[in-house]
Q: 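Got a structure here, written out as structure tokens. Questions coming.
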Number of protein chains: 2
Amino acid sequence: MRKLTVKDVAKEAGVSTATVSRVLNNSGYVSEQVRSQVLAVVKKLNYQPNSIARSLKQEKTRSIGMIVPDMTNSYFMTIARQLQRKCMEIDYHLLIIDSEEDPSKELKAMQVLMEKRVEAIVLAGTGGNQETIRAMSNSGIYILLIDRRIEGITADVVAENNRVAAQEATRLLLQHGHRNIGIIKGPQAIHTAVERYAGVREALVQAGLQVQQDYVYEGDYSRESGIKAAHYLLNLPEPPTAIFSSNNEMSYGLYLGMHELGMDLQDIEVVSFGDLDLSPLFHNRLSVVQQNPAEIGEKAGDCIIDRLARNSRERITPPIVRKY
Amino acid sequence: MRKLTVKDVAKEAGVSTATVSRVLNNSGYVSEQVRSQVLAVVKKLNYQPNSIARSLKQEKTRSIGMIVPDMTNSYFMTIARQLQRKCMEIDYHLLIIDSEEDPSKELKAMQVLMEKRVEAIVLAGTGGNQETIRAMSNSGIYILLIDRRIEGITADVVAENNRVAAQEATRLLLQHGHRNIGIIKGPQAIHTAVERYAGVREALVQAGLQVQQDYVYEGDYSRESGIKAAHYLLNLPEPPTAIFSSNNEMSYGLYLGMHELGMDLQDIEVVSFGDLDLSPLFHNRLSVVQQNPAEIGEKAGDCIIDRLARNSRERITPPIVRKY
DNA sequence: CTCTCCTGTGTAAACGTTTACCTATGTGTT
DNA sequence: AACACATAGGTAAACGTTTACACAGGAGAG
């Protein structure tokens, strides 16, 4: 029950291994006669080429790596799915690793991907490991940042325009007459969190208000921190009448916290970055900034294909920065 | 900027490639002197071994494949995360592919994994491809079914006891006095759906009731089908006073549907398989069957390690069927 | 009729590792 | 002194592909 090799096929078909390879790869010249003969044998023996050997010889692994900060978050996995589809189309495969928002795990992941000789890395980073990222980029591997920019790294980026979106979300609250707005911001190591917070501040300043630090709570994008934020903000002497929440997990936490406090969910107007399941049920008092992960995945795939197509190596182009 | 090989390291360190390899793998004898010398060179040149070449020579890829029916579903990805952790521990990596609940994509995925020479496949199947699965299993690769059994396939399975859980969930509704219970069941090609439906029926029969087909709606585990189910069940001449929903996505749909119909969410008592985000907010009228994906991932990892540890190949043991 | 070029096929050398086998020391035991 | 055995390290052959090169026959051009 040993695995078959190209030699077995060659022998059975009465040709050389070179010919078998040519048939399998549609390369070089091979007569129609022999071609079908070989294919018949392949089918008969149920031969499956060893892609490891192929990769070694061709010095191409036909694989790309992806590092996400939370594998259980459907936002990132929607990106991943779209990317995987694109990869499949060009016969590549996607190797997904979860960094769990932990820079040291991220580092490990990058090393693994390097050893696996992936041809590109799609990275939604934790914000750390700048030196390693730079080193890898210099060593020739294509690095594409998604969702989050990373400070000090110049590379292609596919991301949403968090700042403008946050501005608009904030303006919505202002238009509804709120002047006392609570802010649940994300961890300031993460680019999206910084951008969103900046957007909120800008909108407030434009409206002639100033940001009161008392009304800002820094969470870590987790549900638990949303609960804490709720307890903090809603127990202020003069609680906010509206809250901006920087991501959906924290918004879940916010609602859970309100529930713990015995409040009616409608007591506060909320605007959340990222959709919530069941959000339609809250629609009178909840607005969300719709994100479009599928589109990010799509565009990331295009970037990758673009780069891999031109056999790379030669050009040292300035990074293309794409914002959507 | 060519990639370094073991030869480069050997030359630089003034030793043979064999010695370098021995150092890197902690195998065979090598003096402390030479060892540190080699390691210094490795560090200095920033050499990274090519795991492709290693895999080829060793005929081990140190990789395992996983096929899930929905990559964006946090249930499966929680399993995946746990599994990936386990894999990392033993220096394996996990290759995750999304079948999107589509048997033909599943087939493609299996072929890719075979060519990649993964050492095991963890499969949450679509219910199809029995012949291929059998063939692969016969060809020596270890196949571990998770979450869902597959008809006609004998293999190790790590799954929850859906039937008993569904029974208990149903009994809860019965205890609350409901006699008119709507059922949203899942696609009958999928094992979990069959089991859950069976559990519900059993509980009803035990209570001396009989299943009325009018009150059973077959969805496809998607949110949309949950919405349709709501419209169907709640527009019956005599609508149910309680509903059993076979998975969480359909439960989301159910609530969205109720909302569309202008109903109060509290009008109906619901028991759902699989937790919902924000479910605490509904607690008076919603109960959920808590699932434990992390535990499934954990146990699946154990199975894999177990099997890989004994160098396999020799034993033809009867499959271990594990139910949790 | 010769020269060139296209077609079809085989031979063997890579790709970058690991490892079986060999040789050479030293060290302790009898 | 003779032997066994542990230590240390080199040589070269694999692993399963792809592909550069070589060669041969046939066709078309001059």
Side-chain angles (χ1 to χ4, degrees), chain A residues 2-39 41-42 45-63 91 112 114-119 139-140 311, chain B residues 1-39 41-42 45-63 91 114-119 139-140 311:
Chain A
R2 225 192 71 267
K3 263 292 182 187
L4 295 168
T5 75
V6 70
K7 270 187 195 166
D8 302 312
V9 176
K11 186 180 297 176
E12 180 77 14
V15 298
S16 74
T17 62
T19 300
V20 174
S21 176
R22 280 190 274 256
V23 170
L24 261 32
N25 297 294
N26 285 318
S27 68
Y29 292 111
V30 44
S31 69
E32 200 41 59
Q33 237 261 45
V34 171
R35 148 167 273 108
S36 53
Q37 160 71 356
V38 168
L39 288 177
V41 172
V42 165
L45 301 182
N46 188 31
Y47 163 73
Q48 277 172 317
N50 183 330
S51 71
I52 300 291
R54 169 184 310 204
S55 290
L56 181 59
K57 175 61 188 172
Q58 293 190 150
E59 306 185 55
K60 293 193 88 194
T61 55
R62 304 195 75 81
S63 67
D91 250 297
V112 169
M114 289 300 282
E115 294 194 356
K116 293 279 165 212
R117 296 294 194 272
V118 295
E119 297 175 25
S139 89
N311 289 15
Chain B
M1 188 53 79
R2 224 191 71 267
K3 262 292 181 187
L4 295 168
T5 76
V6 70
K7 271 187 196 167
D8 302 312
V9 176
K11 186 180 297 175
E12 180 76 14
V15 297
S16 75
T17 62
T19 300
V20 174
S21 177
R22 279 192 273 256
V23 170
L24 262 30
N25 297 293
N26 284 319
S27 68
Y29 291 111
V30 45
S31 68
E32 200 40 59
Q33 237 261 45
V34 171
R35 148 167 273 107
S36 52
Q37 159 72 356
V38 168
L39 287 178
V41 172
V42 165
L45 301 182
N46 188 28
Y47 163 73
Q48 277 172 317
N50 183 329
S51 72
I52 300 291
R54 169 186 311 207
S55 289
L56 181 60
K57 173 61 187 173
Q58 294 191 147
E59 306 185 55
K60 294 193 88 193
T61 55
R62 303 194 77 79
S63 66
D91 250 299
M114 288 299 282
E115 294 194 355
K116 293 280 165 212
R117 296 296 195 270
V118 295
E119 297 175 26
S139 88
N311 289 15

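In what follows, every chain begins at residue 1, and chains take the letters A, B, ... in the order their sequences are listed.
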Q: May I have the distance from B/Asp8 (atom CG) to C/dC15 (atom C1'), rounded to whole angstrom?
A: 14 Å

Q: Mind calculating the distance between CZ (B/Arg54) and P (D/dG16) to the nearest angstrom?
A: 18 Å

Q: Measure from CG on B/Asn25 to C1' on D/dG9 and round the result to the nearest Å.
A: 16 Å

Q: Where the side chain of B/Glu119 meets the backbone of B/Thr61, is there a donor-acceptor pair that is under 3.5 Å apart?
A: yes

Q: Check every atom of D/dG9, C/dG10, C/dT17 against the side chain of B/Asn50 and return the nucleotide holding the closest atom.
A: C/dT17

Q: Could you state the NZ-P distance from A/Lys57 to C/dT17, rounded to the nearest angstrom?
A: 15 Å

Q: Mind listing the closest non-hydrogen atom pair of B/Arg54 and B/Pro49 along with its distance?
A: NH2-CB, 3.9 Å

Q: Run the side chain to side chain contact (heavy atoms under 4.5 Å, CB included) check on A/Glu12 and A/Leu45 step by step: do they pass?
A: CA-CA 9 Å; A/Glu12 180 77 14; A/Leu45 301 182; 4.3 Å; yes

Q: Under the 3.5 angstrom rule, does the side chain of A/Thr17 hit a backbone N or O of A/Val6 as a donor-acceptor pair?
A: no

Q: Atom OH of A/Tyr29 to atom P of D/dC23: distance rounded to whole Å?
A: 19 Å

Q: Starting at CZ of A/Arg22 and ending at C1' of C/dT9, how long is that distance when rounded to a whole Å?
A: 6 Å

Q: Students often get this wrong, so: under 4.0 angstrom with heavy atoms, is A/Ser21 touching a base, only sugar-phosphate, or nothing?
A: base

Q: With a 4.0 Å cut-off on heavy atoms, is B/Ser31 in touch with a base, just the backbone sugar-phosphate, or nothing at all?
A: sugar-phosphate

Q: Can you check whether A/Ser16 has a side-chain N or O nearer than 4.0 Å to OP1 or OP2 of C/dG10?
A: yes

Q: I need the CD-P distance between A/Gln37 and C/dT9, as an integer number of Å.
A: 11 Å

Q: Are the side chain of A/Arg62 and the backbone of A/Asp91 linked by a donor-acceptor contact shorter than 3.5 Å?
A: yes

Q: Could you tell me the separation between the NZ atom of A/Lys11 and the P atom of C/dT9, rounded to a whole number of Å?
A: 20 Å

Q: Please tell me which of A/Gln48 and B/Gly14 maps to the more 5' nucleotide of DNA chain D, matching each residue to the nucleotide holding its nearest heavy atom.
A: B/Gly14

Q: Toward the 5' end of DNA chain D, which comes first, B/Thr17 or B/Leu56, by nearest nucleotide?
A: B/Thr17

Q: Checking contacts here: which listed nucleotide (C/dG16, D/dG9, C/dG10) is nearest the side-chain heavy atoms of B/Thr19?
A: D/dG9

Q: Select from A/Ala18 and B/Ala18 the residue whose nearest nucleotide in DNA chain C is closer to the 5' end of that strand.
A: A/Ala18

